[in-house]
Each structure stands twice: as C-alpha cells, then as structure tokens.
Amino acid sequence: MVVDNFPAYRDEFTVDEKKVCLWKRAQILVAEVWAAFYPANPASPHPIFPGVRGPRIQQLTMFADYRVPQILHHLRILDYPPSLLETLRAGTPVQSGAPEEISLRAASIVAVERVKQEILRLFEEAGQCGEDVVSSVLIDFYLWDLAKKIENGEDRIEGMQTAEIVPIHRTRSVWY
C-alpha cells in the first residue's frame with residue numbers, strides 16, 4: 001500500500017531485466033510504527049497491528065542502506081572486492097542504481113537473513129522458539145548502532161577476527 005501510493009518509497013531497480021524491490025523507507029515506516037507503539041507487556045495486542053497474528057514484523061527484511069554493509073564487511077560476513085575498497089577509501093560517490101550499490105544493498109539483505117536463520121537455529125538447538133523474538137528488523141537496529149559505535153571508536157569487536165572498518169558507501173539518493 002505504501003509503495004503504491006508514495007513514489008518516494010518505491011525503491012526499485014531493474015537488474016538483468018528483473019525488478020529488484022528494496023523498499024527501505026517503506027519497511028522503516030512499518031518498523032518504526034511497530035517499535036513506537038510496542039506494548040509494555042509483549043503479551044498484550046499491538047495497538048496498531050492487532051489481531052491473533054500480531055504485527056508479523058518477522059516478514060520484513062533489514063533496511064538496505066549504507067551502514068549495515070559496512071559492519072557486515074567489518075565482521076567478515078560480506079567480502080568487498082579490492083576495487084570497491086578503493087572507491088570507499090577514496091570517498092568516491094557510488095551512483096544510485098549502479099551495480100555496486102544494488103549489490104551492496106541486496107547482499108546485505110541476504111546476509112542479515114542468513115544471520116537471522118543462524119540465530120533461529122541456535123534457539124532451536126537450545127530447545128527454544130525464537131520466531132517471536134528474532135527479526136531482521138531488530139538485527140538491523142543492532143548492527144546499525146554497532147557500526148556507528150565502532151566507527152566512532154566507542155566500541156570494538158573482541159573474540160573474533162575482523163576486517164578493517166572501511167568508510168560507508170556514499171550514494172546520493174532519495175532512498176536513504
């Protein structure tokens with residue numbers, strides 16, 4: 001409904017003659033409304049998304065932008081080619097809709113979905129159900145904040161090898 005009525009939320013590109021829908025701002029709108037009105041008691045119905053099934057926030061992906069790919073690379077979940085690293089270090093803008101930009105954003109969505117599946121597997125191994133507490137939205141919120149803290153020197157990753165924290169990709173666009 002949002003992307004049908006508000007063109008500025010229609011974050012779509014054509015790649016190899018196929019439409020790729022990222023819809024970052026539309027998903028953030030839904031997630032922010034969900035978070036802003038989250039009931040104090042999780043057992044209570046959500047006031048904006050009532051019903052037996054609740055808000056179904058688990059159906060959203062992460063918000064494909066510039067910050068999460070940065071931390072995914074730092075954590076060695078995403079691997080950047082040398083040419084992209086050179087572009088980022090130089091502060092060279094990446095054109096909106098360019099293959100590099102779409103690849104970074106799409107790869108981030110896939111990577112966060114895989115992280116989510118691994119977290120759910122760990123819940124299952126522990127004999128617990130994580131379906132109601134694990135979502136790509138919450139993983140995105142966490143990774144975005146972590147990336148900012150690491151970039152500012154307020155935090156760091158310990159107990160695993162990381163790649164250098166490289167600058168974010170700079171893309172001028174209405175989608176971010």
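Computed from heavy atoms alone, side chains included, the values below leave out hydrogens, waters and symmetry copies. Since we're looking at a predicted model, the values are computed, not measured.
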*Asks:* Tell me the closest heavy-atom pair linking S108 and L78, and the distance in Å.
*Replies:* OG-CD1, 3.8 Å
*Asks:* Kindly give the heavy-atom pair with the smallest separation between H73 and V166, and that separation in Å.
*Replies:*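 Here H73 and V166 meet closest at ND1-CG2, 3.9 Å.
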*Asks:* Might you point out which heavy atoms bring A31 and F141 nearest each other, and give the distance in Å?
*Replies:* CB-CZ, 4.4 Å
*Asks:* Do L122 and L138 sit in the same hydrophobic cluster, where Ile, Leu, Val, Met, Phe, Trp and Tyr count as joined when their side-chain heavy atoms come under 4.5 Å apart?
*Replies:* no
*Asks:* What I want to find out is whether R121 reaches E118 closely enough, with some N-O distance under 4.0 Å, to be called a salt bridge.
*Replies:* yes
*Asks:* State the CG-OG1 distance between L75 and T162, to the nearest 0.5 angstrom.
*Replies:* 7.5 Å
*Asks:* With a 4.5 Å limit on heavy-atom distance, are the side chains of R105 and D11 in contact?
*Replies:*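 The answer is yes; the side chains approach within 4.5 Å.
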*Asks:* Is there a path of hydrophobic side-chain contacts, each under 4.5 Å between heavy atoms, that joins I119 and V110?
*Replies:*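 Unlinked, I119 and V110 end up in two clusters.
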*Asks:* Is the count of non-hydrogen atoms from other residues, nucleotides or ligands lying under 6.0 Å from R170 atom CZ greater than 12?
*Replies:* no
*Asks:* So how far is it from L29 CG to F63 CZ, rounded to the nearest 0.5 Å?
*Replies:* 10.0 Å
*Asks:* Between L72 and V94, is there a shared hydrophobic cluster once you connect ILVMFWY residues whose side-chain heavy atoms come closer than 4.5 Å?
*Replies:* no
*Asks:* Can you name the nearest heavy-atom pair linking V137 to I57, along with the distance?
*Replies:*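 Taking V137 first and I57 second, the nearest heavy atoms are CG2-CG1, 4.0 Å.
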*Asks:* Hey, does Y66 have a side-chain heavy atom less than 4.5 Å from the side chain of L104?
*Replies:* no
*Asks:* Would you find a donor on one side and an acceptor on the other, under 3.5 Å apart, between the side chain of H74 and the backbone of A147?
*Replies:* no
*Asks:* If we ignore hydrogens and angles and just use 3.5 Å, is the side chain of E12 paired with the main-chain N or O of K19 as donor and acceptor?
*Replies:*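 No, E12 side chain to K19 backbone: no donor-acceptor pair under 3.5 Å.
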*Asks:* Considering residues, nucleotides and ligands other than W175, do more than 12 of their heavy atoms fall under 6.0 Å from its CH2?
*Replies:* yes
*Asks:* Can you measure from CD (Q59) to OG (S135) and round to the nearest 0.5 angstrom?
*Replies:*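 Answer for the CD-OG pair, Q59 versus S135, is 11.5 Å.
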*Asks:* State whether the number of non-hydrogen atoms from other residues, nucleotides or ligands found under 6.0 Å of Q128 atom CD is greater than 12.
*Replies:* yes
*Asks:* Please check if any side-chain donor atom of R67 sits under 3.5 Å from a side-chain acceptor atom of Q70, or the reverse.
*Replies:* yes
*Asks:* CD/Q27 to CG/L60 distance, rounded to the nearest 0.5 angstrom?
*Replies:*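 One finds 5.0 Å between CD of Q27 and CG of L60.
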*Asks:* Do V134 and Q58 make a side-chain contact, defined as non-hydrogen atoms from C-beta onward lying under 4.5 Å apart?
*Replies:* no
*Asks:* For the side-chain contact (heavy atoms from CB on, under 4.5 Å) test, which of D4, V2, V3 pairs with F6?
*Replies:*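 Testing F6 for a side-chain contact (heavy atoms from CB on, under 4.5 Å) against D4, V2, V3 leaves exactly one candidate, V2.
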*Asks:* Which atom names give the shortest non-hydrogen contact between V68 and D65, and what distance separates them?
*Replies:* N-OD1, 3.4 Å
*Asks:* Would Y142 and V133 show up in the same hydrophobic cluster when neighbours are defined by side-chain heavy atoms closer than 4.5 Å?
*Replies:* yes
*Asks:* Under 3.5 Å, is there a donor-acceptor pair between the side chain of R172 and the main chain of P93?
*Replies:* no
*Asks:* Using modelled atom types and a 3.5 Å cut-off, is there a donor and acceptor pairing between side-chain atoms of E124 and backbone atoms of L120?
*Replies:* no
*Asks:* If we count only N and O atoms by modelled type, under 3.5 Å, do the side chains of E113 and S136 hold a donor and an acceptor together?
*Replies:* yes
*Asks:* If you look at every heavy atom in H169 and P69, which pair is closest and at what distance?
*Replies:* CE1-CG, 4.2 Å
*Asks:* Counting C-beta onward and ignoring hydrogens, is there a side-chain heavy-atom pair between M62 and I139 closer than 4.5 Å?
*Replies:*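 M62 vs I139: side chains apart.
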*Asks:* Hey, could you give me the CD/OH distance between E164 and Y80, rounded to the nearest 0.5 Å?
*Replies:* 11.0 Å
*Asks:* Count the heavy atoms of every other residue, nucleotide or ligand shown that sit under 6.0 Å from CG of D79, and state whether that count exceeds 12.
*Replies:* no
*Asks:* What distance do D140 atom CG and I28 atom CD1 have between them, rounded to the nearest 0.5 Å?
*Replies:*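 Atom-to-atom, D140:CG and I28:CD1 are 7.0 Å apart.
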*Asks:* Look at atom CD of Q161 and say whether more than 12 heavy atoms of other residues, nucleotides or ligands are closer to it than 6.0 Å.
*Replies:*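 No - once you tally the heavy atoms of other residues, nucleotides and ligands closer than 6.0 Å, there are 12 at most.
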